[in-house]
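Everything on this sheet refers to the single structure shown next.
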2 protein chains.
Amino acid sequence: MTGLVIAVDAMGGDYGPRLVVSACVKSLVQYPELHLVLVGDAPNIESILAQTPQANHARISIKHASESISMAENPAYALRHKLDSSMRIALQMVRDQQVHACVSAGNTGALMALAKHVLNTLPYIDRPAIMTALPTLTGETHLLDLGANVDVSAQQLVQFAVMGSAAVQSRGLIRPRVALLNVGREAIKGNQQVKLAAAELEAMPQINYVGYVEGDGVFRGDADVVVCDGFVGNVLLKSSEGLAQLITARTKQCLGRGVRAWLLAWLAAPLLKVLRSEIAPERYNGACLLGVDGIVVKSHGNASEEAFQAAISVAYTAAKEGLAQRLQERLQAFSQV
Amino acid sequence: MTGLVIAVDAMGGDYGPRLVVSACVKSLVQYPELHLVLVGDAPNIESILAQTPQANHARISIKHASESISMAENPAYALRHKLDSSMRIALQMVRDQQVHACVSAGNTGALMALAKHVLNTLPYIDRPAIMTALPTLTGETHLLDLGANVDVSAQQLVQFAVMGSAAVQSRGLIRPRVALLNVGREAIKGNQQVKLAAAELEAMPQINYVGYVEGDGVFRGDADVVVCDGFVGNVLLKSSEGLAQLITARTKQCLGRGVRAWLLAWLAAPLLKVLRSEIAPERYNGACLLGVDGIVVKSHGNASEEAFQAAISVAYTAAKEGLAQRLQERLQAFSQV
């Protein structure tokens with residue numbers, strides 16, 4: 001195969017393979033250079049594929065996996081017993097360099113555990129972290145961790161900062177501003193881990209550490225990389241999605257009926273389009289699992305077709321930019337300090 | 001004095017006494033039964049008051065305090081050395097039953113430490129927590145803790161749940177749905193404290209515990225009371241405000257200029273009004289410090305005049321509903337179990 005190849009865990013996510021396959025077919029239209037390997041129950045995937053537009057099927061292949069991992073499954077159990085799961089096979093294809101990246105909307109804990117086991121962690125890194133881009137007043141920022149690590153040490157927060165900084169650098173930002181998420185900007189604020197991590201980051205000349213940011217600073221764009229533990233990051237991400245949905249729902253209720261509503265909807269279309277394309281969760285689906293030796297992208301479990309396509313785009317861009325190699329090079333330097 | 005009396009820390013907050021005094025004067029118009037005691041630097045307050053409409057000045061009195069506590073001040077230092085601070089005097093007036101409640105936009109950590117010291121904690125409660133109302137798809141929910149406690153034990157999460165439930169019951173909700181904020185809804189998700197707290201809450205027949213909610217569930221209205229540690233709660237609250245501001249700013253940018261924009265702004269006015277009055281941070285400013293023997297309301301440090309008025313409203317309503325006594329009664333029952 002030539003071009004760029006991504007393995008997709010077709011069995012992951014809340015809505016099953018139909019949504020995933022449909023999103024894949026659309027991504028092939030979007031990226032003429034892209035090849036996809038759909039990993040999962042082959043007969044099931046084939047029958048779904050048969051019902052989709054055939055134009056780009058030459059760029060799709062299927063890799064059978066006899067098992068899948070459910071959203072509620074214990075990661076340790078999945079690691080030990082699900083040796084032929086779609087998620088694991090997709091990761092193994094990354095390890096064996098059969099593909100440039102993989103994408104899964106499956107169980108986050110299992111993806112984390114399996115990725116660590118199958119791909120190994122990069123030098124200097126104890127535990128991988130999940131990072132996503134978020135919109136800000138001035139562009140975008142990058143938040144990690146998003147749920148992979150619910151209890152972290154100061155040392156791990158520092159590692160997240162180093163990974164986030166390196167990953168954002170690999171997208172072309174020379175000296176990204178790195179901040180720790182905290183409950184205040186004053187030095188006395190925060191828990192023990194955050195305070196210790198701050199002291200360590202201040203002493204690292206390789207990191208452009210700019211101090212603490214608060215929740216509102218994330219969306220104001222006070223930093224390019226915002227570091228927190230996975231519990232906090234997950235809550236921030238999901239509550240923001242919840243609030244965006246609330247605002248959308250209330251907006252629709254207010255539009256109501258009648259001529260005024262119709263006029264308003266027509267006039268507001270460009271605005272809604274901007275909000276939708278810039279701020280909507282769909283636009284920002286697809287989080288990189290940083291710290292393992294390979295490109296692994298996590299999609300939301302409840303991602304829509306459009307959102308799953310966005311996750312494939314994240315994997316595509318990361319592979320194009322050579323994220324894995326660049327991260328490896330930069331972390332090598334840290335592990336030798 | 002007859003009516004309902006609230007002490008206001010006039011020196012707290014990012015913008016100083018001018019904003020606080022102005023908000024107070026407007027609250028007196030809003031509540032004909034309300035009396036306010038402005039606590040702080042008397043000459044300064046007097047000179048500001050002299051520049052405001054005089055109509056309701058009969059319902060304002062001034063209590064001099066020679067010191068104030070800055071936003072960056074160490075709470076322990078404030079507790080030990082600032083014996084005549086405006087915040088402390090306001091709390092002492094609550095303790096001495098000279099007022100029914102107090103409001104401060106000052107240093108959260110100091111307010112927490114001083115309130116605990118001056119007012120004492122209620123039976124069954126180790127550490128007070130801060131609770132606020134938030135808008136949801138179906139009405140509103142209540143979130144605690146919001147930053148008073150950055151490291152909490154499972155036992156403290158349970159106490160927050162009990163306090164939150166009791167406080168919401170005192171507003172008339174018979175059997176409020178209480179949930180723990182978590183990174184997933186499955187039993188295997190979360191950190192140790194959350195899992196232990198869940199087990200304990202499940203065994204308490206007095207609490208209508210409904211399980212875990214995720215960040216998006218908060219704004220969907222999956223529970224009436226959502227419990228988390230102060231770090232997580234603070235980040236959730238502030239990031240939501242940040243996102244709301246981002247959406248507002250992008251909306252304004254999109255409106256742009258020209259006839260279409262003008263028409264749109266006119267048509268959208270009722271919508272923006274609803275968003276503003278229902279979802280804007282101003283509407284939801286004013287968080288109750290639960291667990292001390294008296295009504296203490298924390299306003300945001302950077303509250304606008306309108307937002308500070310909302311905080312006074314929260315104190316007014318809590319005092320009207322007899323929150324302090326009701327909470328005391330309910331917690332008494334728990335401490336005897």
Side-chain angles (χ1 to χ4, degrees), chain A residues 71-75 108-109 135-137 147 150-151 181-192 194 214-220 228-232 234-247 249-251 253-255 260-261 263-264 267-268 270-271 274-275 278-279, chain B residues 71-75 108-109 135-137 147 150-151 181-192 194 214-220 228-232 234-247 249-251 253-255 260-261 263-264 267-268 270-271 274-275 278-279:
Chain A
M71 295 308 262
E73 200 148 315
N74 188 312
T108 307
T136 70
L137 276 177
V150 293
D151 285 303
L181 186 59
N182 201 351
V183 297
R185 271 177 293 180
E186 303 84 8
I188 57 158
K189 291 291 176 72
N191 58 30
Q192 204 54 27
V194 169
E214 298 183 73
D216 50 344
V218 174
F219 291 104
R220 204 164 43 225
C228 59
D229 72 54
F231 198 108
V232 171
N234 183 287
V235 166
L236 190 160
L237 187 71
K238 289 189 180 155
S239 61
S240 299
E241 287 163 9
L243 178 60
Q245 282 158 9
L246 171 63
I247 292 176
R250 291 297 292 133
T251 304
Q253 283 171 19
C254 291
L255 285 176
R260 185 185 182 115
L263 245 180
L264 180 56
L267 285 162
L271 161 67
V274 168
L275 288 180
E278 287 184 18
I279 293 169
Chain B
M71 295 309 261
E73 199 148 316
N74 189 313
T108 307
T136 71
L137 277 177
V150 293
D151 286 302
L181 186 59
N182 202 352
V183 298
R185 269 177 293 180
E186 304 84 9
I188 57 157
K189 292 290 177 71
N191 57 30
Q192 205 53 28
V194 169
E214 297 183 73
D216 50 346
V218 173
F219 290 105
R220 205 164 43 228
C228 59
D229 72 53
F231 198 108
V232 171
N234 183 286
V235 166
L236 190 159
L237 186 71
K238 288 188 181 155
S239 61
S240 300
E241 287 163 8
L243 178 60
Q245 282 158 9
L246 171 64
I247 293 175
R250 291 297 293 131
T251 305
Q253 282 170 21
C254 291
L255 285 176
R260 186 184 179 115
L263 246 179
L264 181 55
L267 285 163
L271 161 66
V274 168
L275 288 179
E278 287 185 16
I279 293 170

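First the proteins, then the strands, lettered A, B, ... as listed; each starts at 1.
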(message) I'd like to know which of Cys228(B), Ser240(B), Gly230(B) tops the heavy-atom pair count under 4.5 Å against chain A.
(response) Ser240(B)

(request) State, with a plain yes or no, whether a side-chain heavy atom of Ser239(A) is found less than 4.5 Å away from one of Val218(B). (result) no

(message) With a 4.5 Å cut-off on side-chain heavy atoms, are Leu246(B) and Thr136(A) touching?
(response) no

(request) Please state whether the side chain, the backbone, both or neither of Asn191(A) comes within less than 4.5 Å of a heavy atom of chain B. (result) both

State the [atom1]-[atom2] distance between [X] and [Y], to the nearest 0.5 angstrom.
X	Y	atom1	atom2	answer
Met71(B)	Arg185(A)	CE	CZ	10.5 Å
Lys238(B)	Leu181(A)	NZ	CG	10.0 Å
Leu243(A)	Arg220(B)	CG	CZ	13.0 Å

(request) Would you check, one step at a time, whether the test side-chain contact (heavy atoms from CB on, under 4.5 Å) holds for Leu236(B) with Leu236(A)? (result) CA-CA 6 Å; Leu236(B) 190 159; Leu236(A) 190 160; over 6 Å; no

(message) Taking every non-hydrogen pair under 4.5 Å, which of Asn234(A), Val183(A), Val235(A), Val194(A) racks up the most with chain B?
(response) Val183(A)

(message) Which residues pass the side chain to side chain contact (heavy atoms under 4.5 Å, CB included) test with Asp229(B), not counting sequence neighbours?
(response) Val152(B), Phe231(B), Val232(B)

